[in-house]
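Scope of the values below: all heavy atoms of this structure, side chains included, with no hydrogens, waters or symmetry mates.
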Amino acid sequence: MKVTINDVAKLAGVSMKTVSRVINKEPSVRKKTYDIVMDAVNTLNYQPNLAARNLAGTSSFTVGLVYDNPNAYYVIDMQNGVLSRCKEEGYELVIHPCNYLDGNMEEDFKTMIKRSRLAGLVLTPPLSEQSSIIEMLDEMGIHYVRVLSGRPTEEDQDTCIYVNDYAAAYEITSHLLSLGHKNIGFLCGDKEHKSTTERLEGYQAALKDHSISMNDELIYEGQYSFESGVEGAKALLGENNPKNITALLGGNDEMAAGALFASRLMGIEIPQQLSITGFEDSPFSRQTWPKLTTAHQANDVISQHAARLLFRKTRGARNQDKDIITTFTPSLVVRESSGPTSA
């Protein structure tokens with residue numbers, strides 16, 4: 001059987017990312033680590049795909065942004081952030097939508113990389129969370145930076161930009177609790193996205209820290225869409241709100257906007273009878289009435305720093321960019337959709 005980069009990583013006792021950094025001769029690798037990995041490479045007679053690795057060389061002046069996200073506002077913000085940095089560096093940007101549920105997605109992805117002769121990639125969720133994609137890129141020797149929902153780990157500090165959705169969801173939930181709300185419904189987004197888990201755990205942690213018992217009946221599993229927010233609000237509030245919910249936390253602004261729309265149809269006044277909050281501070285949050293309390297997530301700035309980190313990787317010692325932010329925490333923005341409970 002063909003020896004893979006994963007085999008080398010296991011023998012050397014390091015991650016595939018570390019093996020990839022050694023093979024690509026990145027200057028940040030310690031000599032001891034380099035020697036251990038190269039011993040494993042020689043022992044296994046590992047032969048990296050040199051043709052694919054050459055695609056990652058700095059002779060290419062094109063980087064890629066890969067996404068699978070139905071939210072047009074999110075995609076535009078991410079695109080603008082990466083593009084602004086590309087212009088400063090003199091690089092072109094290739095934007096490539098993917099469907100991670102497509103069985104041919106990885107082959108399509110690989111073909112795009114070869115045809116475009118990319119110097120590197122910025123990956124957004126949920127693609128950035130797929131281990132099979134990361135293993136494929138490591139095998140090809142392609143530089144990449146992942147935008148991820150979560151909290152940083154030492155292993156991934158030079159390949160990831162983190163968005164601390166957990167802390168932001170905790171803050172939004174605490175805001176609602178400070179207004180006297182106890183029965184707070186949660187509208188979950190797509191379960192395949194790690195942001196869904198992080199935001200749900202932040203909500204649950206805030207309830208626990210305020211001595212509020214968890215009630216799974218107040219959680220709706222949906223998708224990050226307006227329509228799902230409508231259905232979620234109907235499901236949770238039902239006929240005459242039997243669960244006595246006084247606040248809803250939307251997994252994102254689209255869901256919150258859908259919940260607000262459904263609540264209006266049911267004759268529920270916002271925020272007098274029900275507070276609703278969103279997440280991300282997209283234009284949706286400012287186009288509703290009342291405007292949504294939300295968590296501001298600067299996607300354009302996040303993606304710009306992802307691009308800066310990518311250029312630092314591709315240019316190695318020649319790039320001395322030291323002020324890259326690798327962890328972002330969305331901040332609470334209080335607007336008219338949240339208010340004191342009347343219960």
So, Y224 versus S195: side-chain donor-acceptor pair below 3.5 Å or not? yes

Salt-bridge criterion met for D281 and R335 (N-O under 4.0 Å): yes

Salt-bridge criterion met for R151 and E201 (N-O under 4.0 Å): yes

Can you list the residues that meet the side chain to side chain contact (heavy atoms under 4.5 Å, CB included) rule with D108, with sequence neighbours excluded? H96

Considering all heavy atoms of both residues, which atom of A306 and which atom of I161 are nearest to each other, and what is their separation? CA-CG1, 3.6 Å

Begin from the C-alpha positions of E280 and R199 and carry the test salt bridge (Lys or Arg N to Asp or Glu O under 4.0 Å) through to its verdict. CA-CA 11 Å; E280 291 175 9; R199 293 171 190 182; 3.4 Å; yes

Yes or no on salt bridge (Lys or Arg N to Asp or Glu O under 4.0 Å) for E106 and K110, after CA distance, side-chain angles and deciding distance? CA-CA 6 Å; E106 288 184 26; K110 187 181 295 185; over 6 Å; no

Using a strict cut-off of less than 4.0 Å between a Lys/Arg side-chain nitrogen and an Asp/Glu carboxylate oxygen, indicate whether E239 and K234 qualify as a salt bridge. no

For K31, all residues meeting salt bridge (charged side-chain N to carboxylate O under 4.0 Å, His left out), sequence neighbours excluded: D35

Holding to side chain to side chain donor-acceptor pair (under 3.5 Å), I want the full list of residues that pass it with T277, two or more places apart in sequence or in another chain. none

Is the Y203 ring parallel, tilted or perpendicular to the F186 ring (thresholds 30°, 60°)? tilted

Closest contact, heavy atoms only, G339 versus H181: O-NE2, 2.7 Å

Mind jotting down which residue pairs meet the ring pair (Phe, Tyr, Trp, His ring centres under 6.0 Å) criterion with at least one end in residues 104-134? Sequence neighbours excluded, please. none

Pair T294-D253, side-chain donor/acceptor within less than 3.5 Å: yes

Taking S20 for the side chain and M16 for the main chain, is one N or O donor matched with an acceptor at less than 3.5 Å? no

Pairs meeting criterion ring pair (Phe, Tyr, Trp, His ring centres under 6.0 Å) with involvement of residues 241-295, two or more places apart: Y73-F284, F226-F261

Do T18 and S15 pair up side chain to side chain, a donor and an acceptor below 3.5 Å, judged on atom types alone? yes

Taking the side chain as everything from C-beta on, heavy atoms only, tell me whether V163 gets closer than 4.5 Å to P330. yes

Residues in ring pair (Phe, Tyr, Trp, His ring centres under 6.0 Å) with H305, at least two apart? F328

